[in-house]
Amino acid sequence: MAKSNRMVTVGAAQLGPIGLNESRGEVVDRLLTLLDRAHERGCDLVVFPELALTTFFPRWYFEDQEQIDRFFESAMPGNETQPLFDRAAEYGIGFCLGFAELAEGKRYNACILVDKSGEIVGKYRKVHLPGHADHKPERKWQHLEKAYFDVGDLGFPVWRAMGGIMGMCICNDRRWPETYRMMGLQGVEMIMLGYNTPATEPPWGFEPTHLASLHNNLSMQSGAYQNATWVIGVAKAGREEGCDMMGGTLIIAPTGEIVAQGRTLDDELVVADCDLDACNHYKNTVFNFAEHRQPDQYGLITETAGVKLPPE
Ligand code: CDT
């Protein structure tokens with residue numbers, strides 16, 4: 001049966017661990033293998049994780065800027081990533097790729113959306129940077145995103161691509177309802193995001209491991225439902241340089257239901273047919289924003305970052 005032109009077959013391309021010394025060429029070969037599988041399975045679009053070209057380098061403290069900059073791309077595509085663009089265009093597959101971007105002296109945790117012809121049609125730079133800006137030697141591993149990246153300066157744009165309205169965000173962004181709502185208010189129909197999330201985050205105290213996946217699912221499923229959009233959440237998983245990263249790659253429908261899920265902590269392609277018209281029902285009923293939202297009553301959301309307690 002021919003696909004409807006609002007049906008997007010998505011491959012969520014989970015990655016297993018990437019070693020500190022793994023070269024870009026080696027990693028791109030792994031991405032190409034996943035792309036080949038996506039082609040065999042009839043995918044229109046492949047979503048790769050956050051910082052998909054290197055290990056998750058913010059877990060180390062580096063004093064020397066040169067050591068940090070080796071993880072960044074100053075051109076996209078560059079020599080090492082060009083084969084990905086070429087193979088995807090040959091297959092007629094669009095893709096979303098997370099990488100560290102060096103642009104005009106600024107450094108971003110970024111991702112791009114590439115259409116089926118190999119053109120970059122969208123770029124997003126991570127807004128909600130987690131972790132800390134200073135070296136914390138007492139921690140088992142660092143989380144230095146606040147030191148190594150600038151806060152994204154592009155807002156939360158969406159693009160007309162793949163026959164629908166597409167948006168992106170990155171990892172920690174998925175925990176924040178503002179992320180989804182900003183795109184929901186622009187009619188988003190599919191949000192693509194990649195993540196690097198430790199299975200346990202012991203440095204700040206005890207948190208049972210099951211909570212990492214509860215919070216992963218809870219955030220993305222509610223973001224999907226409350227904004228009537230598909231959400232594709234793609235993990236970098238497994239034991240990376242001694243740090244256990246959670247998997248749990250998910251494809252979530254606009255109902256909030258999980259329709260496909262990763263089963264491993266390794267390179268794995270999770271595929272689902274995503275009908276963009278499935279967004280219409282909730283966009284036209286319970287989450288018809290124009291009819292039901294009351295923005296006059298939401299002033300605090302943009303007035304303050306922190307909590308404003310009521311008077312004593
Ligand atoms: N990469 C990234 O943003 N990771 C963070 C770790 C926070 S630990 C709860 C995340 O939100 O998954």
Side-chain angles (χ1 to χ4, degrees), residues 12-18 20 27 47-62 68 71-72 96-101 107-111 124-134 136 138-152 154 156 167-180 191-224 231-250 252 262 265 305:
Q14 178 174 289
L15 286 174
I18 299 179
L20 178 60
V27 177
V47 183
F48 294 108
E50 174 190 36
L51 300 175
L53 299 172
T54 66
T55 197
F56 187 72
F57 60 91
R59 77 165 65 88
W60 289 279
Y61 175 66
F62 299 107
I68 302 168
F71 298 105
F72 282 75
C96 166
L97 176 73
F99 64 102
E101 179 196 20
R107 292 169 182 78
Y108 301 102
N109 187 341
C111 56
Y124 170 73
R125 291 170 172 159
K126 186 173 182 178
V127 168
H128 299 100
L129 297 175
H132 45 101
D134 53 328
K136 293 195 183 299
E138 71 279 10
R139 287 180 59 127
K140 197 169 167 196
W141 55 77
Q142 305 296 301
H143 196 126
L144 284 160
E145 285 197 61
K146 283 190 192 292
Y148 297 163
F149 297 118
D150 294 288
V151 172
L154 301 174
F156 295 93
M168 300 185 280
C169 66
I170 299 177
C171 194
N172 189 259
D173 287 319
R174 77 194 187 286
R175 303 183 191 277
W176 298 88
E178 295 87 345
T179 298
Y180 302 91
I191 296 175
M192 297 158 281
L193 69 97
Y195 56 90
N196 281 266
T197 299
T200 55
E201 193 62 26
W204 66 63
F206 176 74
E207 191 176 68
T209 52
H210 72 274
L211 290 182
S213 71
L214 171 67
H215 296 157
N216 186 51
N217 297 14
L218 194 63
S219 315
M220 294 196 288
Q221 289 183 261
S222 53
V231 172
I232 319 296
V234 186
K236 164 106 85 52
R239 175 159 291 194
E240 189 177 89
E241 300 292 352
C243 176
D244 286 315
M245 311 290 284
M246 65 171 292
T249 289
L250 294 179
I252 301 163
L265 294 174

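Quick note: residue numbers are just sequence positions, from 1. Please read these numbers as outputs of a predicted model, since none were measured by experiment. Atoms within a ligand are numbered from 1 in the order they appear, just like the ligands themselves. When reading the values below, keep in mind they use all heavy atoms of this one structure, side chains included, and skip hydrogens, waters and symmetry mates.
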Heavy atoms, side chains only, cut-off 4.5 Å: are P49 and Y195 in contact? no
May I ask you to check whether N216 and R174 show a side-chain donor-acceptor distance below 3.5 Å? yes
Short list, please: which atoms of ligand 1 are under 4.0 Å from a heavy atom of T197? 10 (C), 12 (O)
Ring pair (Phe, Tyr, Trp, His ring centres under 6.0 Å) involving F149 - partner list, sequence neighbours excluded: F57, F72
Pair E240, T55: side-chain N/O donor-acceptor within cut-off below 3.5 Å: yes
Please name all residues satisfying side-chain contact (heavy atoms from CB on, under 4.5 Å) with P130, sequence neighbours left out, ordered by chain then number. K126, H143, E145, N172
Can you check which of H128, M246, R175 brings a heavy atom nearest to atom 10 (C) of ligand 1? R175
Below 4.0 angstrom from a heavy atom of E50, which ligand 1 atoms are there? Numbered from 1 as shown, please. 1 (N)
Taking C-beta and beyond as the side chain, do C243 and R59 meet within less than 4.5 Å on heavy atoms? yes
Which is it for F56 and ligand 1 at heavy atoms under 4.0 Å: side chain, backbone, both or neither? side chain
For ligand 1, which atoms sit closer than 4.0 Å to a heavy atom of K126? 1 (N), 2 (C), 3 (O)
Taking only non-hydrogen atoms of N172 and a 4.0 Å limit, the atoms of ligand 1 in range are 3 (O), 10 (C), 11 (O)
Between ligand 1 and E145, can you find any atom pair, the residue atom being a heavy atom, that is separated by under 4.0 Å? yes
If you draw a 6.0 Å radius around CH2 in W60, do more than 12 non-hydrogen atoms from other residues or ligands fall strictly inside? yes
Hey, which atoms in ligand 1 end up nearer than 4.0 Å to a heavy atom of P130? 2 (C), 3 (O), 5 (C)
List every atom of ligand 1 that sits less than 4.0 Å from any heavy atom of N196, numbering the atoms from 1 in the order shown and giving each element. 1 (N), 2 (C), 4 (N)
So is R174 close enough to ligand 1, meaning a heavy atom under 4.0 angstrom away? yes
